[in-house]
**Q** 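Structure below; questions to follow.
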Amino acid sequence: MIRPKFNNTSVTVIASIVFAAFLFLLPTGFEGALQFRDAVKCKALVEEVDNSRIIDTGLIRTGQQVCSVRFLNGKFKGMTAQGWNMLTGSLSQDKLFVPGDKAQVVVHWQEAELGEGSEDEIGGSEGKIEFLSVNLIDYYRLKGELILAIAFAVFLIAFAGGTGVRSVLSFVITVLTLWKVLVPMYLKGYDPLLCGCAVTVLLTVIILSLVYGFDRRLLSSASGALLGIGFAAVLAVICTKTFKIHGAVMAYSESVLYSGYEYLNLTRIFTSSILVGASGSIMDLSVDITSAVNEVVKKCPSISRLEAVKSGLAVARAAMGTMTTTLLLAYSGSCISLLMAFMAQGTPLYNILNNNQVASEIINTIAGSFGLASTAPFTALMSGVILAGRKK
């Protein structure tokens, strides 16, 4: 009888699939806190619009847009109703529909008694449906997002084969872990820094095990990555206190407080977000160095540990030159509009650098870069010691 052969990577993939399924089914504890739990969410086609109630004041647009919509799915599929699009004067939040647009709609309704009659009532076999309100909350984007995600997964798998499958799996696990574990723990009041460290360690081990399986490469890359993440966490705590940065610099953080979560420590959540954000680049660097040293050892099995460490350090120096720039560009891109506002107003450079939002991005960049700087030599050292000098 021939038994199927499983290597470490296969076992890791199976375990990761089981873990991903567990996370998918894991309740967050906030399912009953839905803002629209008594309403029906569905997709609707905008057929007609009435802009007569919109008030334009320069760039500010307020008022209401009245839209005739036809529901495309759900309980009311095929029915038509009059919907409302509220404009608050915010360019980032408001939207203006035109005929042919597909909107995400929230419907409040009730069963009407027979004989009441209304232009918003639709007859049916179980009585009449009365639409209490139909609110157009945004454009319908779910289908496009799903297509984009599937295309991304297909490209990875087609290009990288089994490695692509593991990459997609690590991507899914990361998303589920952040949404199902980290965010609920923040909202429930657990210490944000400890939660961030624990989740980051968990993701580091899972993602690197999907890359290497359970062997010496996992030990060397994970040890270097965890050291860098720990160094970034310590530096983030020190800099946040030294620069007196309040966690409210994070977008939408004040809205969370006003939603009944005033007990949250936004500053520690901000600190935790620094190490979570830097962990991806740190893992990337540790994998690069470990893989390079491993290839050197495979091509030259007789190489000494010292020479392997030197090779790893050479790779580390080259990789660090671009990794630090990667973090800088990533964080700069998120605040480019703020920099444009400063330049348009003629704000002096020393005022810009002293601004709390700019300072928070500087902490993000520097703390992450220090994490990378500490990851590189330690990973090179561990890779050389663990992977080289072994007899066949």
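Side chains are part of it too, since the values below use all heavy atoms of this structure and drop only hydrogens, waters and symmetry mates.
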**Q** Do any N or O atoms from the side chain of D101 and from the backbone of V98 form a donor-acceptor pair under 3.5 angstrom?
**A**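 Pair found, side chain donor or acceptor close to backbone of V98.
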**Q** For residues D288 and V315, report the shortest heavy-atom separation together with the two atoms involved.
**A**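 So the two residues come closest at O-CG1, 4.4 Å.
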**Q** Please examine the side chains of L226 and T204, heavy atoms only from C-beta on, and report whether any two atoms are closer than 4.5 Å.
**A**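 Yes - at least one pair of side-chain heavy atoms lies under 4.5 Å apart.
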**Q** Report yes or no: does N85 contribute a side-chain atom to a donor-acceptor pair with the main-chain N or O of K95 at less than 3.5 Å?
**A**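 Yes, because the side chain of N85 sits within donor-acceptor range (under 3.5 Å) of the backbone of K95.
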**Q** Quick one: does S272's side chain have a donor or acceptor within less than 3.5 Å of a partner on R268's backbone?
**A**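 Not a single qualifying donor-acceptor pair exists.
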**Q** Do F97 and L91 sit in one hydrophobic cluster, given that two such residues count as connected whenever their side-chain heavy atoms are within less than 4.5 Å of each other, even indirectly?
**A**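 As far as the 4.5 Å side-chain criterion goes, L91 and F97 are not connected within one cluster.
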**Q** Do the side chains of P99 and V49 get nearer than 4.5 Å, heavy atoms only?
**A**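 V49 reaches P99 side chain to side chain.
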**Q** W84, L96: one ILVMFWY side-chain cluster at the under-4.5 Å cut-off?
**A**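 In one cluster with W84: L96, no.
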**Q** Closest heavy-atom contact between M250 and F270?
**A**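 The pair with the smallest heavy-atom distance is SD-CA, 3.7 Å.
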**Q** Are side-chain heavy atoms of V276 and V199 found at a separation under 4.5 Å?
**A**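 Side-chain contact under 4.5 Å: no.
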**Q** Using a side-chain heavy atom cutoff under 4.5 Å and only I, L, V, M, F, W and Y, what cluster partners does V385 have?
**A**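 V309, L313, L381, all in the cluster of V385.
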**Q** Establish, from distance only, whether the side-chain atoms of T163 and R166 form a donor-acceptor pair under 3.5 Å.
**A**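 T163 vs R166: donor-acceptor pair found between side chains.
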**Q** Between V105 and N135, is any pair of side-chain heavy atoms under 4.5 Å apart?
**A**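 No, their side chains stay 4.5 Å or more apart.
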**Q** What is the minimum heavy-atom distance between V358 and F342, and which atoms define it?
**A**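 Looking at all heavy atoms of both residues, the closest pair is CG2-CE1, 3.8 Å.
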**Q** Please test F231 against F378 for ring-ring contact (aromatic ring centres under 6.0 Å, His included), starting from the C-alpha separation and ending with a verdict.
**A** CA-CA 12 Å; F231 194 84; F378 191 72; over 10 Å; no
**Q** Keeping N51 on the side-chain end and I54 on the backbone end, is there a donor-acceptor pair under 3.5 Å?
**A**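 Checked: no pair found.
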**Q** Let me confirm one number: the CD1-OG distance from I269 to S273, rounded to the nearest 0.5 Å.
**A**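 Going from CD1 on I269 over to OG on S273, the span is 9.0 Å.
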**Q** Say whether L72 and V46 are linked into one hydrophobic cluster, either directly or through other cluster members, by side-chain heavy-atom distances under 4.5 angstrom.
**A**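 L72 and V46: separate clusters.
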**Q** So L193 and L275, do their side chains get closer than 4.5 Å, heavy atoms only?
**A**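 Touching, per the 4.5 Å side-chain cut-off.
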**Q** Which atom pair, heavy atoms only, marks the closest approach of I207 to S170?
**A**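 Heavy-atom minimum between the residues: CG1-CB, 4.0 Å.
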**Q** Does a side chain donor of either D94 or T88 reach within less than 3.5 Å of an acceptor in the other side chain?
**A**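 Looking only at side-chain atoms, T88 and D94 do form a donor-acceptor pair, the distance falling under 3.5 Å.
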**Q** Within a strict 4.5 Å, meaning less than it, do heavy atoms of the F22 and V18 side chains meet?
**A**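 A side-chain contact is absent here, since even the closest heavy-atom pair is not under 4.5 Å.
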**Q** Looking at G100, is its backbone amide N or carbonyl O close enough to the side chain of K102 to form a donor-acceptor pair, meaning the two atoms are under 3.5 Å apart?
**A**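 Pair absent, no side-chain N/O of K102 close to backbone of G100.
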**Q** Check whether S383 reaches the backbone of A380 with its side chain - one donor and one acceptor, N or O, closer than 3.5 Å.
**A**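 Judged by distance alone, no pair lies under 3.5 Å.
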**Q** Would you compute the distance between atom CZ of F24 and atom CG of L176 and round it to the nearest 0.5 angstrom?
**A**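 Interatomic distance, F24 CZ to L176 CG, rounded to 0.5 Å: 8.0 Å.
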**Q** Could you please spell out the steps behind the side-chain hydrogen bond (donor to acceptor under 3.5 Å, both in side chains) verdict for Y212 and S291?
**A** CA-CA 9 Å; Y212 292 128; S291 298; 2.6 Å; yes
**Q** If you define the side chain from C-beta out and look only at heavy atoms, does anything of V107 sit under 4.5 Å from F71?
**A**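 Side chain of V107 against side chain of F71, heavy atoms only: contact under 4.5 Å found.
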**Q** Please tell me whether F214 and V287 are part of a single hydrophobic cluster in this structure, the criterion being side-chain heavy atoms less than 4.5 Å apart.
**A**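 Shared cluster, yes.
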**Q** How long is the gap from CD1 on I274 to CD1 on I366, to the nearest 0.5 Å?
**A**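 Atom-to-atom, I274:CD1 and I366:CD1 are 11.5 Å apart.
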**Q** Find the distance between OG (S311) and CD1 (I303) and round it off to the nearest 0.5 Å.
**A**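 Rounded to the nearest 0.5 Å, the OG-CD1 separation comes to 4.5 Å.
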**Q** How long is the straight-line distance from CZ of R141 back to NZ of K43, given to the nearest 0.5 Å?
**A**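 One gets 14.0 Å once the value is rounded to the nearest 0.5 Å.
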**Q** Identify, with sequence neighbours excluded, every residue that meets side chain to side chain contact (heavy atoms under 4.5 Å, CB included) alongside N354.
**A**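 N354 satisfies side chain to side chain contact (heavy atoms under 4.5 Å, CB included) with no other residue.
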**Q** Please check if I17 and I173 belong to a single hydrophobic cluster, counting links between Ile, Leu, Val, Met, Phe, Trp and Tyr side chain heavy atoms closer than 4.5 Å.
**A**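 I17 clusters together with I173.
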**Q** Under 3.5 Å, is there a donor-acceptor pair between the side chain of Y263 and the main chain of L187?
**A**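 Side chain of Y263 to backbone of L187: a pair is present.
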**Q** Specify the closest pair of heavy atoms between A376 and L285, including all atoms of both residues, with the distance to one decimal.
**A**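 That closest heavy-atom pairing would be CB-CD2, 3.9 Å.
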**Q** Can a donor-acceptor pair be found, under 3.5 Å and without considering hydrogens, that links the side chain of T80 to the backbone of V69?
**A**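 No, the answer is negative, given that no donor and acceptor are paired below the 3.5 Å cut-off.
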**Q** Does anything in residues 54-67 pair up under salt bridge (Lys or Arg N to Asp or Glu O under 4.0 Å), and if so which pairs, sequence neighbours excluded?
**A**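 Applying salt bridge (Lys or Arg N to Asp or Glu O under 4.0 Å) to every pair that reaches into residues 54-67, excluding sequence neighbours, yields D56-R61.
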**Q** To the nearest 0.5 Å, what is the distance between NZ on K244 and SG on C239?
**A**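 K244 atom NZ to C239 atom SG measures 13.5 Å (nearest 0.5 Å).
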**Q** Just so I know, are the side chains of V256 and L266 near enough to count as touching, which here means a heavy-atom distance under 4.5 Å?
**A**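 They are not in contact (no side-chain heavy atoms under 4.5 Å apart), so the answer is no.
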**Q** Taking T240 for the side chain and V237 for the main chain, is one N or O donor matched with an acceptor at less than 3.5 Å?
**A**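 Such a contact is absent between T240 side chain and V237 backbone.
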**Q** Could you tell me which non-hydrogen atom of A308 sits nearest to which non-hydrogen atom of V293, and how far apart they are?
**A**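 For A308 versus V293, the nearest heavy atoms are O-CG2, 4.1 Å.
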